[in-house]
*Asks:* 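Right, I'll just put the structure down here and ask away after.
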Amino acid sequence: DPPLFTGTNEQVIDGQGSYARVCAGCHGSNAAADKSIPDVRYSTTLRSISDWNSVVLDGSRASRGMAAFRGIIDRTESENIFHYVISQANKDKAAEQARAARP
């Protein structure tokens, strides 16, 4: 289950643009990756903005292929992407539940 969305619509809109520019090339459009790379909608880092920034800005998963983006994006952009991904994860969960509820 994704965390509850706590961002703003503005953060989602800004995050969507930043995600498309910086993240989509590897993690897929609309935050939906194929099986060859981690799908960020299911990342445990969505539980904590500090964990997210540790990965995205500081490169705590560089040894696993996730480059640091400090200097490419700033903290505000990173947080907007974080809120966009949470928004996408919640949308996808709602769509799955709606499909499952159909007779």
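The figures that follow rest on heavy atoms only: side chains count, while hydrogens, waters and symmetry mates do not.
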*Asks:* Could you give the distance from OG (S87) to CD1 (I13), rounded to the nearest 0.5 Å?
*Replies:*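 It is 10.0 Å, given to the nearest 0.5 Å.
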*Asks:* If you round to the nearest 0.5 Å, how far is SG of C23 from CD1 of I81?
*Replies:*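 I81 atom CD1 to C23 atom SG measures 4.0 Å (nearest 0.5 Å).
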*Asks:* Looking at D74 and T76, would you say the former's side chain and the latter's main chain have a donor-acceptor pair under 3.5 Å?
*Replies:*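 Yes, D74 side chain to T76 backbone: donor-acceptor pair under 3.5 Å.
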*Asks:* Of all the heavy-atom pairs spanning A24 and A20, show the shortest one and how long it is.
*Replies:*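 For A24 and A20, the tightest heavy-atom pair comes out as CB-O, 3.8 Å.
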*Asks:* Rounded to the nearest 0.5 Å, what separation is found between the CZ atom of F82 and the OG atom of S43?
*Replies:*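 Taking CZ in F82 and OG in S43, the distance rounds to 9.5 Å.
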*Asks:* Minimum heavy-atom separation for H83 and V12, please, with both atom names.
*Replies:*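 What the structure gives for the nearest pair is O-CG2, 4.1 Å.
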*Asks:* Got a donor-acceptor contact below 3.5 angstrom from the D39 side chain to the R41 backbone?
*Replies:*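 Such a contact is found between D39 side chain and R41 backbone.
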*Asks:* In Å, rounded to the nearest 0.5 Å, how long is the span from CH2 of W52 to OG of S78?
*Replies:*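 So the CH2 of W52 and the OG of S78 are separated by 6.5 Å.
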*Asks:* Decide yes or no on side-chain contact (heavy atoms from CB on, under 4.5 Å) for Q88 and Q16, but give the supporting numbers first.
*Replies:* CA-CA 10 Å; Q88 287 301 107; Q16 181 178 18; over 6 Å; no
*Asks:* Keeping Y84 on the side-chain end and E79 on the backbone end, is there a donor-acceptor pair under 3.5 Å?
*Replies:*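 Pair absent, no side-chain N/O of Y84 close to backbone of E79.
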*Asks:* Can you see which heavy atom on V56 is nearest to which on M66, and at what distance?
*Replies:*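 For V56 versus M66, the nearest heavy atoms are CA-CE, 4.3 Å.
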*Asks:* If you round to the nearest 0.5 Å, how far is CD1 of I73 from CG of N53?
*Replies:*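 That separation rounds to 8.0 Å.
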*Asks:* Ignoring hydrogens, what is the shortest heavy-atom contact between I72 and E77? Give both atom names and the distance.
*Replies:*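 That closest heavy-atom pairing would be O-OE1, 4.2 Å.
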*Asks:* Quick check for you: to the nearest 0.5 Å, what is the distance between N90 atom CG and D1 atom CG?
*Replies:*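 So the CG of N90 and the CG of D1 are separated by 9.0 Å.
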*Asks:* Looking at E96 and K91, does any basic side-chain N land under 4.0 Å from a carboxylate oxygen?
*Replies:*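 Salt bridge absent between E96 and K91.
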*Asks:* Closest approach of N80 and Q11, non-hydrogen atoms and distance?
*Replies:*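 Scanning both residues, the minimum pair turns out to be OD1-CG, 3.2 Å.
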*Asks:* Of the non-hydrogen atoms in I86 and F5, which two are nearest, and what is the gap between them?
*Replies:*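 Reported closest heavy-atom pair: CG2-CA, 3.8 Å.
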*Asks:* Begin with the C-alpha distance, continue with both residues' side-chain angles, and end with the deciding distance and a verdict on side-chain contact (heavy atoms from CB on, under 4.5 Å) for R61 and T45.
*Replies:* CA-CA 11 Å; R61 293 192 182 161; T45 63; 3.7 Å; yes
*Asks:* With side-chain contact (heavy atoms from CB on, under 4.5 Å) as the criterion, how do L46 and V85 come out once you've worked through the C-alpha distance, each side chain's angles and the decisive distance to 0.1 Å?
*Replies:* CA-CA 8 Å; L46 294 178; V85 172; 3.9 Å; yes
